[in-house]
Amino acid sequence: MAVQNIEHISAADKLQPLYVIHGEEDLLRVEALDKLRAAAKQQGYLNREVYTADNAFDWNEMLASANSMGLFADLKLMEIHIPNGKPGKNGGEALLSLAENLPDDTVTVVMLPKLEKAQTQAKWFAAMARQGVVLEAKAVSGNALPAWIKGRLKNAGLDIEADALTLFAERVEGNLLAAKQEIDKLALLHPSGSIISVADAELAVANVARFDVFQLASAWMKGDAVRTLHLLEGLEAEGEEPVLLLWAVAEDIRTLIRLAAAFKQGQSVQSVRNSLRLWGDKQTLAPLAVKRLSVSRLIGALQECARIDRMIKGAEDGDAWAAFRQMVYGLAV
């Protein structure tokens, strides 16, 4: 049927026979499921069956239930949760069969985590996407987060000053669930129509930003020096040890060196995507970084990684965090 914006789902929507919910933003996936449950209850789908596909799951049992009709032909909501996103051969065949023979008087919801591109190209997923509504819970990135917060505050009857919004976004970055909780808190503290000031945000919004190495890789590959520095400061403030971060950055540098060599040989990103593990955003960010950073500069950064590693192990004097921060920031400028 269609890919629909997960934020536009309403409990008042007329239900379709099949929904597929997937994506990396847990809050949005759970909210979408809650809205579908509310709509199902409102529209008379009072019989609810929930299946969780673990290793011992019987897919035939699920299919038998889907194809059976209750004594009074009750409307049914059937949820199929696949926590790892990998139904396997039997599960794939069962989901394909289900998609091609959707049961009457039933709304089926398939819950999945973030999927790799190869999973979205599987026959079972393609069939479900063709027959149902796909809801993707995309990550609300740093650039989109302020607008998301402002929209949620508006729904709660609140407005917010520009500086307060910047502060709010910085404090909850990378933790959408915490952002929602802080919005709910502000809605309790302030009457409808209030404008949240910097002072209000300072008092009410906890500093719950969660920075991670994936955000850091995106920032320095993109050449966003300001965000790179912000993320580095956040990681250090959270007490992150530089060991894992250093390993991840060194691996990304090696990938860029190999990608530069592939380009020199006339190969395309698509031809080396799997061998270089260029998945997700890295498919677009890595080529940009290769254009911006020379191979000699990348080799120099890799040598600096080795020096920082010696600092961490105590084989060389120096402040490992300071050196790491300077090295990564240097890749972003």
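Just so it is clear, the structure is predicted and the values come from calculations on it, not from any experiment.
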May I ask you to decide if [Y]'s main-chain N or O and [X]'s side chain share a donor-acceptor pair within less than 3.5 Å?
{"X": "T166", "Y": "A164", "result": "no"}
{"X": "S271", "Y": "Q267", "result": "no"}
{"X": "S194", "Y": "H190", "result": "no"}
{"X": "N155", "Y": "R152", "result": "no"}
{"X": "Q119", "Y": "E116", "result": "yes"}
{"X": "R29", "Y": "G23", "result": "yes"}
{"X": "S275", "Y": "V272", "result": "yes"}

Heavy atoms of other groups near [X] [atom1], more than 12 under 6.0 Å:
{"X": "D54", "atom1": "CG", "answer": "yes"}
{"X": "L288", "atom1": "CG", "answer": "yes"}
{"X": "K185", "atom1": "NZ", "answer": "yes"}

So [Y] and [X], do their side chains get closer than 4.5 Å, heavy atoms only?
{"X": "K41", "Y": "R48", "answer": "no"}
{"X": "S218", "Y": "L285", "answer": "yes"}
{"X": "I21", "Y": "V110", "answer": "no"}

| request: If a pair satisfies side-chain hydrogen bond (donor to acceptor under 3.5 Å, both in side chains) and one of its residues is in residues 318-333, list it, with sequence neighbours excluded. | output: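 Qualifying pairs, neighbours excluded: E236-R325.
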| Pairwise distance CZ(F57) to CE(M62) - rounded to 0.5 angstrom |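 Reported value, rounded in 0.5 Å steps: 5.5 Å.
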Taking 4.0 angstrom as the limit, do [X] and [Y] come out as a salt bridge?
{"X": "E79", "Y": "R37", "value": "yes"}
{"X": "K138", "Y": "E25", "value": "no"}
{"X": "R171", "Y": "E202", "value": "yes"}
{"X": "K89", "Y": "E93", "value": "yes"}
{"X": "K150", "Y": "E161", "value": "no"}

| field | Chi angles and distances behind the side chain to side chain contact (heavy atoms under 4.5 Å, CB included) call for H81, V50 | value | CA-CA 8 Å; H81 296 252; V50 181; 3.7 Å; yes
| Pairs satisfying ring-ring contact (aromatic ring centres under 6.0 Å, His included), at least one member in residues 105-139, at least two apart |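 Residue pairs passing ring-ring contact (aromatic ring centres under 6.0 Å, His included), neighbours aside: H22-F125.
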| said: Please enumerate all residues that pass ring pair (Phe, Tyr, Trp, His ring centres under 6.0 Å) together with H230, with sequence neighbours excluded. | reply: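 Ring pair (Phe, Tyr, Trp, His ring centres under 6.0 Å) list for H230, sorted by chain: F211.
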| said: Side chains of T106 and Y45 only: does a donor on one sit below 3.5 Å from an acceptor on the other? | reply: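 Side-chain D/A pair, T106 to Y45: absent.
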